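What you see is a predicted model, and the numbers here were worked out from it, not measured in a lab. Order of the sequence lines fixes the chain letters, A, B, ..., with proteins taken first and strands second; residue numbering starts at 1 for each chain.
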Amino acid sequence: MFLRLATEKRLPLLSPFAAGIFTRGFSSIDRINTNLRPFPDYSPKKPGVKDVDLVRDLTTALKQRRSEPARRVLSPFGQRFRSDHLLWAFPHLRSDLPLVLSLIHWCRSRRHPIPAEALAIAAHLSVDSKHLQAARQFLREGLSHPRFVEQVIYTYKYWCSNPSVFDLLFRASVDAGRLAEARSLFFHLLTYGVIISTDSCNALLSRIPLHELLTVFTEFPESGFRWNVVSYNILIHRLCQIGKLEEARGFLRKMEDKDCVLPDVITYSTLIDGCCKSGELQEALELFSEMSIKGLKPNSFTYTSLITLSCGNNNVVEAERLFMEMLSYGVAPDAVVYTSLINGFSKKGNLFAMSRLFDEMKSSGHLPDAVTYTVLICGLCGSGKMLEANKMFVEMISKGLSPDEVTYSALIAGYCREGRMGDAFRLHNEMLHKGLLPNVVTYTTLCDGLCKQGQVEAGNELLHEMCRKGLVLNVVTFNSLINGLCKAGNIDQAVKTMIDMEAAGLCPDTYTYTTLMDAYCKSGDMDQARLLLKEMLDKGLQPNVVTFNVLMNGFCVLGMLEDGKTLLQWMLDKNIRPNATTYNTLMKQYSIDKNMKATSEIYKGMLALGIIPDENTYNILITGHCKSRNMKEACYYYNEMVSKGFNLRKSSYNALIKLLFRKKKLQEASRLFEEMRAMKLVADREIYSIFIDANYNEKNIKTILELCDEVVENCYVEEK
DNA sequence: ATAGGGTTAG
């Protein structure tokens with residue numbers, strides 16, 4: 001199996017009838033392959049007379065008393081025994097591997113070094129007895145001796161070994177990380193006609209760096225060796241990992257057309273995943289249909305890649321469709337595909353769908369693992385449900401699952417978002433206590449949390465601690481710190497930090513620029529903001545909707561509404577889809593300027609593009625219309641937003657109540673006032689006065705007292 | 001030999 005003579009390459013050189021030679025056995029092959037090296041003859045070192053006697057007595061004792069412990073049997077020989085005796089003992093024990101093993105074991109226990117030659121022979125004997133595990137161990141140990149390979153070759157013929165010993169030797173080199181050695185071993189063995197198995201060569205492929213992999217991939221077949229589908233899958237996977245999709249696809253064609261190796265589900269799934277990771281949905285779908293045409297049935301790996309991409313594109317509807325399609329094709333779902341889908345919903349904040357799928361997963365017999373729980377915890381944290389996230393954390397531990405760095409980082413991020421830095425650091429300490437090392441993400445999360453609490457200095461100190469632990473800052477860490485500095489009003493230091501970041505070999509990205517541009521915009525320095533925009537465009541960085549929103553906000557608060565509208569047009573021209581925030585920013589400024597006509601036009605433009613208004617949009621419309629005393633419009637938007645399940649902000653309630661009161665709509669005003677109080681929102685003092693007066697007129701003492709209490713409790717405390 | 005989880009900007 002393991003040995004194939006390296007003759008295939010020479011085939012074309014033979015005469016037409018030479019092919020028949022191959023059926024006639026080795027002697028014929030030897031005739032045509034005169035340049036194949038023969039295996040050398042073995043001539044062991046000669047023992048002295050006393051040595052001969054010792055070895056005979058020792059091996060006889062071992063055989064005679066084989067049921068007794070070797071230690072006891074061999075103890076009389078302890079004084080006189082040398083490592084050399086081992087070599088002379090082997091011929092006596094050649095078909096008795098258990099005794100060979102116990103003799104070697106005894107040697108080791110007496111601290112006798114085992115010579116390389118003995119290790120080579122022991123490997124041959126082990127292979128001969130089909131004891132591959134023992135052979136592997138001897139070979140692994142032997143590799144630490146110089147010229148061990150030569151020892152194995154030198155002893156090979158005499159000990160009538162099996163060619164698989166070379167395969168094991170090659171494999172041991174690979175496993176020991178001696179990759180260059182393995183590579184040259186391949187060619188060296190070739191000169192003896194030994195061919196390493198594809199499996200072992202594939203083990204080499206999966207361990208070497210990509211540039212060497214590509215060399216090996218072309219250089220091994222020069223001797224007639226052929227790669228198989230696994231080899232191609234390894235290569236394609238590595239190319240996909242670094243985003244070289246074109247080349248990966250090239251090898252898909254090459255394997256079929258040039259090498260007659262048929263791609264399998266793994267080949268296609270690997271390529272599809274590569275496309276998904278690069279966001280190339282179109283490519284992925286092409287390959288998906290191509291594999292089906294070839295009769296290859298996609299599996300849960302294939303679907304997971306596509307589902308994960310859909311979720312990442314914020315398209316959970318498509319993700320769920322794919323999941324249903326997978327089920328309808330009879331592809332069994334597993335914990336991974338469930339986890340991916342659950343993650344999609346949790347990221348959208350759809351906790352209902354998240355727990356529905358979690359239940360479905362459990363009831364269909366798929367055990368949630370640590371990743372599943374991490375996704376659930378993350379989803380709950382993202383929705384501010386820290387209590388439930390903690391419950392999930394406890395549940396996962398009670399199920400015997402171990403939270404890892406990722407789980408902890410997710411929980412820590414949840415606490416940071418709530419400003420609960422004490423809890424965040426408590427978890428950080430808990431990690432250390434459990435022997436889990438906080439990594440860059442954990443530290444970045446904590447640093448960001450500190451920055452958001454206004455403690456930039458502490459954040460910076462934490463990063464120094466992180467560096468002392470040998471961790472390296474990444475782009476996100478820098479961005480977080482830059483943001484902290486900006487929010488603390490220290491733009492100069494933020495810019496310096498960006499320069500540090502570049503000096504550290506990290507490229508500022510869209511987050512970095514957007515953060516700094518926002519700081520300049522908010523300080524009223526639109527010129528600097530524009531300069532940064534130019535710089536990022538020059539670097540080939542794409543501004544995104546957030547970048548534009550930052551600029552939009554800058555123009556709007558400075559009253560530069562015409563620039564704002566130009567910016568909106570520019571976005572549309574650049575095919576960057578504005579979102580509700582973009583429109584809200586413009587609408588807000590127009591409504592502050594009491595230009596409700598323009599506000600309404602912007603709103604219409606938003607609807608025309610199919611951009612869904614959010615809670616903010618309605619609040620802007622309501623306060624704006626109230627300020628312009630458009631009661632009808634204000635009430636219209638109030639009803640619409642309530643029907644969509646949105647809540648009014650305090651300012652919207654205040655404005656609407658005041659307007660209703662002014663228009664003598666006492667009943668409506670009062671109803672809204674009650675609604676506002678039920679929402680635990682504190683009305684303006686002016687509104688309290690209005691309702692206290694109104695109740696006074698009605699002589700409703702109880703209500704008056706209640707309202708007075710509330711005013712004292714809320715308005716007074718708030719104004720202090 | 002292939003798939004799922006955590007951090008940053010408005």
[X]/[Y] aromatic ring centres below 6.0 Å:
| X | Y | value |
| --- | --- | --- |
| A:Phe217 | A:Tyr232 | yes |
| A:Phe393 | A:Tyr408 | yes |
| A:Tyr303 | A:Phe288 | yes |

side-chain N/O [X] vs [N] OP1/OP2, d < 4.0 Å:
| X | N | answer |
| --- | --- | --- |
| A:Lys452 | B:dA9 | yes |
| A:Lys347 | B:dG6 | yes |
| A:Arg417 | B:dT7 | yes |
| A:Lys522 | B:dA9 | no |

Find the distance [X]:[atom1] to [N]:[atom2] and express it as a whole number of Å.
| X | N | atom1 | atom2 | result |
| --- | --- | --- | --- | --- |
| A:Phe288 | B:dT2 | CZ | C1' | 14 Å |
| A:Asp334 | B:dG5 | CG | P | 13 Å |
| A:Lys297 | B:dT2 | NZ | P | 22 Å |
| A:Met431 | B:dT7 | CE | P | 14 Å |
| A:Asp509 | B:dT8 | CG | P | 13 Å |
| A:Tyr303 | B:dG4 | OH | C1' | 17 Å |
| A:Leu506 | B:dT8 | CG | C1' | 13 Å |
| A:Met361 | B:dG4 | CE | P | 15 Å |

Is any side-chain heavy atom of [X] closer than 4.5 Å to a side-chain heavy atom of [Y]?
| X | Y | result |
| --- | --- | --- |
| A:Cys486 | A:Leu516 | yes |
| A:Arg171 | A:Asp199 | yes |
| A:Gln542 | A:Lys574 | yes |

The side chain of [X] is closest to which nucleotide in this list: [options]?
| X | options | answer |
| --- | --- | --- |
| A:Ala413 | B:dT7, B:dA3, B:dG5 | B:dT7 |
| A:Val375 | B:dA9, B:dG5, B:dA3 | B:dG5 |
| A:Asp369 | B:dG4, B:dT2, B:dT8 | B:dG4 |

Indicate, with a heavy-atom threshold strictly under 4.0 Å, whether [X] touches base, sugar-phosphate, or nothing.
| X | answer |
| --- | --- |
| A:Asn579 | base |
| A:Thr444 | base |
| A:Ser300 | base |
| A:Thr514 | base |
| A:Thr442 | base |
| A:Asn553 | nothing |
| A:Thr407 | base |
| A:Ile266 | base |

Using only modelled atom types and a 3.5 angstrom limit, is any donor from either the side chain of [X] or the base of [N] paired with an acceptor on the other?
| X | N | answer |
| --- | --- | --- |
| A:Ser409 | B:dG5 | no |
| A:Thr339 | B:dG4 | yes |
| A:Asn439 | B:dG6 | yes |
| A:Asn299 | B:dA3 | no |
| A:Thr372 | B:dG4 | yes |
| A:Asp404 | B:dG6 | no |

> Would one find more than 12 heavy atoms of other residues, nucleotides or ligands at under 6.0 Å from atom NZ of A:Lys347?
Replying inline: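 It does: A:Lys347 NZ has more than 12 such atoms within range.
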